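Reviewing the structure listed below.
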Amino acid sequence: MTAASPLSPRDLQQRAVSGAAWTLLHTLVSLPLAFAVNVALARVLGVADYGRLALLTAVIAIASSIVSSGVGSALTQFGAKAHAAGRRREVQDLLARNQGFRLMIVAPFLTATVILFVDLPLTLMVVALFFGVWLPAFSAGGPAGLTLENRTAAGARLAMLTALLMQLSAILVLVVAPSAERVWAARTVVGGVLAFLLLYG
């Protein structure tokens with residue numbers, strides 16, 4: 001079995017401290033920004049369209065959490081332990097299994113959910129399925145790898161960048177052509193592209 005040098009307690013502690021600091025910064029930046037953008041969305045879109053935006057946002061998130069419940073926690077528990085001990089082949093096997101599960105189980109389930117329960121024009125439906133379902137499933141190894149390597153600081157920086165770009169894209173849509181579907185599509189594209197760039201960029 002291929003093995004790498006295990007992380008020392010000092011390395012783990014330094015990563016934990018750095019990760020906690022970046023997570024706190026991410027929270028302090030992202031939450032107020034999200035609140036301000038949501039206020040603007042509610043005022044511009046109106047009650048009905050803002051409610052539709054909330055529904056569109058929730059469908060994929062809820063369906064994904066249902067079908068993949070427990071998988072992420074199990075991957076983190078066993079994968080982080082194996083990585084800290086230097087067992088690279090075991091980590092690679094866990095990541096491959098996670099990717100296969102997301103491509104063969106999660107993505108098809110989410111595709112069926114979106115088609116059955118979300119009423120969208122064909123173009124936005126394609127955007128939803130490609131950027132919101134299949135691209136994140138194909139790129140699942142990126143965020144999972146950061147978690148297993150105890151690189152929570154890098155994960156928090158990525159999450160903060162994603163949140164900032166999602167909110168900026170929402171504001172841009174509000175200025176150019178406001179609609180619940182376009183705002184949701186813009187956010188979906190940003191999230192899917194950044195997940196892909198993390199893995200292959």
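No experiment lies behind these values; they were computed from the predicted model shown.
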Side-chain heavy-atom pair Leu45, Leu174 within 4.5 angstrom cut-off: yes
So how far is it from Leu129 CG to Leu124 CG, rounded to the nearest 0.5 Å? 11.0 Å
Val193-Val126 co-clustered via ILVMFWY side chain contacts under 4.5 Å: no
When rounded to the nearest 0.5 Å, the distance separating OG1 of Thr57 from CZ of Arg52 is 11.0 Å
Taking all heavy atoms of Ala180 and all of Leu53, pick out the closest pair and write down the distance. O-CD1, 3.7 Å
Distance from Thr123 atom OG1 to Glu181 atom CD, nearest 0.5 Å? 12.0 Å
Between Thr188 and Leu56, is there a side-chain heavy-atom distance shorter than 4.5 Å? no
Cluster check Ile115, Ile60: I/L/V/M/F/W/Y, side chain < 4.5 angstrom: yes
d(Leu161 CG, Met166 CE) to nearest 0.5 Å is 10.5 Å
Measure the CG-CG distance between Leu28 and Leu33 for me, rounded to the nearest 0.5 Å. 12.5 Å
With heavy-atom distances below 4.5 Å as the criterion, would you say the side chains of Phe130 and Pro136 are in contact? no
Shared ILVMFWY cluster between Leu172 and Tyr50, side chains joined below 4.5 angstrom? no
Whichever hydrophobic residues join Phe35 through chains of side-chain contacts under 4.5 Å: Val39
Please give me the minimum heavy-atom distance between Ala170 and Arg187, naming the atom from each residue. CB-NE, 3.8 Å
Ile62: which other cluster members, linking ILVMFWY side chains closer than 4.5 Å, directly or transitively? Ile66
Which atoms form the tightest heavy-atom contact between Trp134 and Leu103, and what is the distance? CZ3-O, 3.7 Å
Ignoring hydrogens, what is the shortest heavy-atom contact between Gly191 and Thr162? Give both atom names and the distance. CA-CG2, 4.3 Å
Just verifying a value: how many Å separate Leu165 CG and Met160 CE, rounded to the nearest 0.5 Å? 11.0 Å
Could you check Asp93 against Arg89 for salt bridge (charged side-chain N to carboxylate O under 4.0 Å, His left out), going step by step and ending with a plain yes or no? CA-CA 6 Å; Asp93 181 64; Arg89 184 171 296 176; over 6 Å; no
Here the pair of heavy atoms bringing Val133 nearest to Ala107 is CG1-O, 3.5 Å
Quick check: do Phe117 and Leu55 have side-chain heavy atoms less than 4.5 Å from each other? no
